[in-house]
Amino acid sequence: MADQVQPLVETAAPSAQPFRPRGEPVIQGINRIGLWSLYIKEVRRFLKVQTQTVWAPAVTTLLFLVIFTVALGREGREVLGVSFATFVAPGLIVMGMMQNAFANSSFSFLSGKIQGTIIDLLMPPLSYGELMTGIVAAAVTRAAMVGTTVGLAMLLYPGVSLAMAHPWAVLWFGLMGAVMLALMGLMTSVWAEKFDHAAAVTNFVVAPLSLLSGTFYVIDNLSPLFQAISRANPFFYVISGFRFGFLGQSDIGSTNLAVLWSAVGLGVFNLVLGGATYALLWSGWKLKS
C-alpha cells in the first residue's frame, strides 16, 4: 500500500515581509494626522482654562486702555491725527496677542519636563518640523482669540475706532508678531528647567520689549539715541505695522511701500528664528537628557 501514499503538499512560503526593514520610514511625507492631533491637544489645553488664557488677558488689556486714556488721554488730545484712545488701541491688541502667544508655547515642553510627561511629545512619529509647527500654530490660535476678544471689548469703549485702513497690514503684522513670540516661547520652554526661568524671560525680556516699543507713544518724542534703540527692537515693527493697518499711518511710514519693507524684514526675521528653533529641537538639548 506504500504506492498509494500521497506525497505531502509543501506549504507556500510567505509572499511578503510583514514589517518594513528597520530604519525605513513607514509614514511618508507629512504626518497630517499626528500634526493635527498635536495641534488639537494644544488648543484644548488652553481652552480648558479659557477664563485664564483668553478672557483674563482681554480684561487686563482693557484696563491698560482705561488707565492710560484717563491719565493721558484728556479730551481733545490727539496722536497721529486721531484720539489717544484710538491711537493706543491697536498697540494694546497686538501686545496682548504677542504676550499670550509666548505664554502658550513656553508652557508646552516646560510642563512636560517638570511633570515627567515630555515623552508624550517626543515619542509619537512626528518630525521636529511637525512638532514645532503644531505648537506654534496652537499659540497663534490663542493669540488670534485674545486679539479678537480684546478688539470686541474695545469697540464698546467710548472714543475708540477700529476701522481698518489697510487690512493686509493688520493680518500680516498680527500673524508675524504671534509667530515671532510663539517661536521665542518654544525656545524658552526648551531652555527653561522650572517655571521661574520662563517667568524671568517674560518679566525681563518680553514685557520690557513690548512696553518700550511705541505702544503708548510715538518714537519721535524720544531722543535720537532712544529712537535708534527702538528701531532695533523687532516688537516696534510689529506694533507700528499693526497700527498702520488701522490708522493708515505709523512710526515706520504712512504708505504701503514704506511699511512693505518692514513687513518683508519681519518675515525674514521669523524665518531665521524658525530655523534656529528647529536646530535647537533637532539637537535634543535639554530634551533627551
Side-chain angles (χ1 to χ4, degrees), residues 30 34-36 38-43 45-46 53 57 93-113 118 121-122 126-147 170-193 195 197-213 232-242 262-288:
I30 300 175
L35 177 58
W36 177 253
L38 175 61
Y39 169 76
I40 292 299
K41 169 187 174 295
E42 290 292 305
V43 170
R45 177 175 61 79
F46 74 77
T53 57
I93 292 173
V94 75
M95 183 179 72
M97 292 173 61
M98 291 191 296
Q99 290 180 345
N100 282 274
F102 178 88
N104 198 79
S105 61
S106 64
F107 187 81
S108 300
F109 281 121
L110 179 57
S111 62
K113 288 192 289 186
I118 194 172
L121 292 174
L122 299 179
L126 291 171
S127 66
Y128 298 111
E130 292 163 351
L131 193 63
M132 181 178 71
T133 301
I135 294 175
V136 169
V140 172
T141 301
R142 175 175 169 181
M145 289 183 177
V146 171
V170 174
L171 294 174
W172 178 257
F173 285 97
L175 175 63
M176 288 297 101
V179 169
M180 179 175 67
L181 268 294
L183 291 170
M184 290 182 178
L186 185 54
M187 296 179 75
T188 299
S189 71
V190 173
W191 163 76
E193 297 179 355
F195 290 116
H197 293 165
V201 176
T202 301
N203 295 329
F204 298 113
V205 178
V206 176
L209 289 177
S210 299
L211 296 173
L212 300 177
S213 58
N233 179 4
F235 288 50
F236 164 76
Y237 296 97
V238 175
I239 290 175
S240 295
F242 194 79
S262 297
V264 173
L266 196 59
V268 172
F269 179 79
N270 277 343
L271 286 176
V272 174
L273 191 61
T277 305
Y278 179 85
L280 187 63
L281 291 174
W282 180 82
S283 69
W285 182 59
K286 290 195 174 183
L287 293 178
K288 298 180 180 180

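Taking CE of M98 as the start and CZ of F173 as the end, the distance is 12.0 Å to the nearest 0.5 Å. Taking OH of Y128 as the reference point, atom CG of L287 lies at 8.5 Å (rounded to 0.5 Å). Here the OG atom belonging to S189 is positioned 6.5 Å from the NZ atom belonging to K113, to the nearest 0.5 angstrom. The CE atom of M95 lies 8.0 Å from the OG atom of S213; values are rounded to the nearest 0.5 Å. Residue L266 holds its CG atom at 12.0 Å from CZ of F236, rounded to the nearest 0.5 Å. Expressed to the nearest 0.5 Å, how far OH of Y278 lies from OG1 of T133 amounts to 10.0 Å.
The closest side-chain heavy-atom distance from L121 to L38 is below 4.5 Å. Side-chain contact between P57 and Q99 is absent, with no heavy-atom pair separated by less than 4.5 Å. Between M180 and V238, the closest side-chain pair of non-hydrogen atoms falls below 4.5 Å.
Across all non-hydrogen atoms, the minimal contact from A198 to L110 is CB-CD2, 3.7 Å. Among all heavy-atom pairs drawn from M187 and A276, the shortest one is CE-CB, 4.4 Å. Smallest separation of non-hydrogen atoms from L35 and G134: CD1-N, 3.6 Å. Scanning both residues, E42 and S108, for their nearest heavy atoms gives OE1-OG, 2.9 Å. Residues S105 and A182 approach most closely at OG-O, 2.7 Å, considering heavy atoms. The shortest non-hydrogen separation linking W172 to A263 is NE1-O, 3.1 Å.
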Using the side chain to side chain contact (heavy atoms under 4.5 Å, CB included) rule, take L183 and V179 through it: C-alpha gap first, then chi angles, then the decisive distance, then the call.
CA-CA 6 Å; L183 291 170; V179 169; 4.0 Å; yes

What's the verdict on side chain to side chain contact (heavy atoms under 4.5 Å, CB included) for E130 and I30, showing C-alpha distance, side-chain angles and the deciding distance?
CA-CA 8 Å; E130 292 163 351; I30 300 175; 3.7 Å; yes

Just do the side chain to side chain contact (heavy atoms under 4.5 Å, CB included) check on H197 and T188 with the steps written out, would you?
CA-CA 8 Å; H197 293 165; T188 299; over 6 Å; no

Might you work through the side chain to side chain contact (heavy atoms under 4.5 Å, CB included) test for F46 and N100, ending with a clear yes or no?
CA-CA 11 Å; F46 74 77; N100 282 274; over 6 Å; no

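No donor-acceptor pair closer than 3.5 Å links the side chain of K286 to the backbone N or O of V190. In this structure a side-chain-to-backbone donor-acceptor pair under 3.5 Å is present from R142 to T53. Here the side chain of S240 pairs no donor or acceptor atom with the backbone of Y237 at under 3.5 angstrom.
No option in L273, I135, L181 other than I135 meets the side chain to side chain contact (heavy atoms under 4.5 Å, CB included) test with L186.
Between F107 and F195, the ring planes lie parallel to each other; the angle is under 30°, not in the 30° to 60° tilted range.
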